[in-house]
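Notes to accompany the following structure.
Along the sequence shown, residues carry numbers from 1. Predicted model, so just to flag it, every value in this text is computed and none were measured. Note that ligands are numbered from 1 as they come in the structure, with each ligand's atoms numbered from 1 the same way.
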Amino acid sequence: MVETESISITRIEQSRLSKTNLNNLPFGKVFTDHMFMADYRDGQWKNSRIVPYGKIQISPATPALHYGQSIFEGMKAYRAADGKALVFRAADNWKRMNISAERMCMPVVPEDLFMDALSTLIDLDRNWIPTQEGSSLYIRPFMFSADEFIGIRPSLDFTFMILLSPTGPYYSTPVKVKIETHYTRAVEGGTGFAKAGGNYGGAIYPAKLAQDEGYHQLIWTDGKTHEYVEESGTMNLMFVINNTLITPALSDSILAGITRQSVIDLARHWGMQVEERKISIIELVAALKQGRVQEAFGAGTAATIAHIELIGYEDEKFQLPPIESRTFSNRVLNELENIKRGNIQPPFNWISKI
Ligand code: COI
């Protein structure tokens, strides 16, 4: 149930904006002046508030800390030439957050609570939206259980928050990825399709082992046989082979990426052949060996379109074609940037103005 109360706003006394350099921003380290919070108590969302960004108080017994009952989203806003903030596919993030919430036994965030919180917070901190090429305002909605109880049961109390982070690109160079056939990110029947904190926490160690070998990320394979490509943890995976866009079909072990869907929507709109299906490692490695992989890239909110320059598999390393030759991924990257910045009208209803 939604409380119809409005959002209370406590403004920061002294904005930090004039002391913040919005050029050459790293990803996810700078936060705006304010943040949104709401509490779920007695079966209702209450106490919607915007407060100065800062530390929060939680019980050390909260199940989010002990059992990882926490979910999140990633979205982006851009500043249009007329000063309006443009948010990309907000309704899709709201829907996905509630899909994650259901799987993690957490309450639904009603659409008006999510959208009001988002637009009020962005309106207040709109001057923080960076304009430098490649930068944007990263939006991080998240929810965690807030019970004071260390037994395992469906929690009763929750906190929903939104942070805003003026940010630069997640990957500043084309990426090198390694096909992972030992460790597992997600399994059938698990939580891989949900944006649950634990999916990411569990992936840090195997990704670090690959980073120690010079890779940026992993190509996760299915947890049962390790024979099929899944996703990359920070992004979905896409390949262009024989001029066809090929991406793993969604399953309960792959996150339904909104950038992934946007790439598919644009490709189909442009008349390109798209295949959402299983991709075996045998098929991918054969295509790499025969030089038939024209393009490979990751698609994600933070990563945007991240060109893959190298794929490692066992003892082999496959170099992919030069970035300049990648007609489709360069076109889709530019089109999405132009849509998100309001330079062109999207063929779909993807932009909300604040
Ligand atoms: C996003 O793309 O928004 C994500 O949540 C990926 C994250 C691991 C940075």
Checklist entry - Numbering the atoms of ligand 1 from 1, which are under 4.0 Å from a heavy atom of Phe72? => result 5 (O)
Next on the checklist: Please determine whether a side-chain nitrogen of the Lys or Arg among Glu283 and Lys278 lies less than 4.0 Å from a carboxylate oxygen of the Asp or Glu.
Outcome noted: no
Checklist entry - Hey, would you say the Phe72 and Tyr200 ring centroids sit under 6.0 Å apart? => result yes
Checklist entry - Looking at Tyr200, which atoms of ligand 1 are within less than 4.0 Å of one of its heavy atoms? => result 8 (C)
Checklist entry - Got the closest protein heavy atom to atom 2 (O) of ligand 1, with its distance? => result Ala302 N, 2.8 Å
Checklist entry - Is there a path of hydrophobic side-chain contacts, each under 4.5 Å between heavy atoms of I, L, V, M, F, W or Y residues, that connects Phe142 with Met37? => result yes
Item to check | Candidate with minimal heavy-atom separation from atom 1 (C) of ligand 1, of Phe27, Tyr170, Tyr138 | outcome: Tyr138
Next on the checklist: Check for me whether the distance between the ring centres of Tyr313 and Phe318 falls short of 6.0 Å.
Outcome noted: no
Item to check | Basic-acidic side-chain contact under 4.0 Å: Glu337, Arg341 | outcome: yes
Checklist entry - Of the protein's non-hydrogen atoms, which lies at the shortest distance from atom 7 (C) of ligand 1, and what is that distance? => result Arg140 NH2, 4.1 Å
Checklist outcome for this item: Checking heavy atoms under 4.0 Å, the part of Lys76 that sits near ligand 1 is neither
Item to check | Which segment of Lys195 sits under 4.0 Å of ligand 1 when only heavy atoms are counted | outcome: side chain
Checklist entry - Taking atom CD of Gln132 as the centre, does the number of heavy atoms from other residues, nucleotides or ligands within less than 6.0 Å exceed 12? => result yes
